[in-house]
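A quick write-up on the structure given underneath.
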Amino acid sequence: MRRLITALIFSITAILPLHAPPTTQLLQKSPSYAKWGQLAMKETSKKYPDASIIDYLHEGNESAGNVTIEKFKLWLSHQGKEFGVFVRITYNTDTEKVISIQFKETQK
């Protein structure tokens, strides 16, 4: 019985490293919009300093020429009320330099 348990533990530990992806692979799989999502949350927090961001949605992006617009919807809470903010980050696709950040509130 002891040999069986030892063999089982050895087998499991020998197999696990083959199936666990390296940490660097996990980090490399962050979505391409993650950088822009962080910026959207940072700038929204500046614009609404007393509100809490309670939800976040990437709505996609649009590209035309060398300009890209990343689209987000953030849901905020302030003094017991909740509301949404559409955030549009326009940037140069090649240089990733931000051209503008627009905010529009919504109740939906």
Side-chain angles (χ1 to χ4, degrees):
M1 183 67 157
R2 183 176 278 177
R3 286 184 184 168
L4 178 60
I5 292 173
T6 303
L8 183 59
I9 291 172
F10 179 75
S11 298
I12 291 172
T13 57
I15 292 171
L16 285 178
L18 297 175
H19 296 289
T23 304
T24 54
Q25 284 182 348
L26 291 175
L27 294 175
Q28 291 172 353
K29 291 188 179 190
S30 61
S32 60
Y33 60 83
K35 169 184 176 176
W36 305 110
Q38 289 174 353
L39 181 60
M41 289 191 293
K42 177 182 171 187
E43 294 301 316
T44 301
S45 292
K46 284 182 188 178
K47 186 164 177 68
Y48 302 93
D50 298 327
S52 299
I53 298 171
I54 58 175
D55 202 3
Y56 161 99
L57 174 67
H58 179 247
E59 296 184 307
N61 62 41
E62 297 175 7
S63 293
N66 64 343
V67 174
T68 300
I69 302 172
E70 291 290 344
K71 303 182 294 184
F72 299 92
K73 182 177 182 183
L74 281 65
W75 200 250
L76 284 68
S77 174
H78 181 252
Q79 297 180 344
K81 294 183 179 180
E82 293 185 3
F83 61 99
V85 176
F86 293 107
V87 182
R88 301 297 183 252
I89 301 174
T90 304
Y91 65 94
N92 180 296
T93 308
D94 299 327
T95 65
E96 294 191 344
K97 181 179 178 183
V98 175
I99 298 168
S100 68
I101 301 176
Q102 298 173 325
F103 303 90
K104 182 178 178 185
E105 290 184 27
T106 182
Q107 296 304 315
K108 297 181 182 181

Not counting sequence neighbours, list each pair that qualifies as a salt bridge (Lys or Arg N to Asp or Glu O under 4.0 Å) and has a residue in [range].
range: residues 38-52; result: E43-K46
range: residues 61-72; result: E62-K71
range: residues 91-101; result: K35-E96

By side chain to side chain donor-acceptor pair (under 3.5 Å) - contacts of S32 (at least two apart):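 Checked S32 against side chain to side chain donor-acceptor pair (under 3.5 Å); zero matches.
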
Under the side chain to side chain donor-acceptor pair (under 3.5 Å) test, residues paired with N92 that sit two or more places apart: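 With neighbours one apart ignored, the set is T95.
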
Hydrophobic cluster (4.5 angstrom, side-chain heavy atoms) - remaining members for V67: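 Answer for V67: I99.
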
Same cluster (ILVMFWY, side-chain, under 4.5 Å), L39 and I53: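 The answer is yes; both residues are in one hydrophobic cluster.
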
T93 versus G65, closest heavy-atom pair with distance: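 Closest pair (atom of T93, atom of G65, distance): OG1-O, 4.5 Å.
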
Contacts of P49 that satisfy side-chain contact (heavy atoms from CB on, under 4.5 Å) - sequence neighbours left out: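 P49 satisfies side-chain contact (heavy atoms from CB on, under 4.5 Å) with no other residue.
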
Those residues that, when tested against S63, pass side-chain contact (heavy atoms from CB on, under 4.5 Å) (two or more places apart):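 Listed in chain order: T68.
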
Could you tabulate the donor-acceptor pairs under 3.5 Å formed by side-chain atoms of residues 79-89, not counting sequence neighbours?
from	atom 1	to	atom 2	distance (Å)
E82	OE1	W75	NE1	2.8
R88	NH1	E59	OE1	3.3
R88	NH1	F72	O	3.2
R88	NH2	E59	OE1	3.2

Residue pair W36 / I69, side-chain heavy-atom distance below 4.5 Å: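 Result no, sub-4.5 Å side-chain heavy-atom pair not found.
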
Atom pair OG1/CG of T90 and N61 - distance to nearest 0.5 Å: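 The CG atom of N61 is 11.0 Å from OG1 of T90, to the nearest 0.5 Å.
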
If you look only at distance, which donor and acceptor atoms sit under 3.5 Å apart when one is on a side chain in residues 100-107 and the other is two or more places apart or in another chain?
from	atom 1	to	atom 2	distance (Å)
E105	OE2	Y48	OH	2.9
T106	OG1	K108	N	3.2

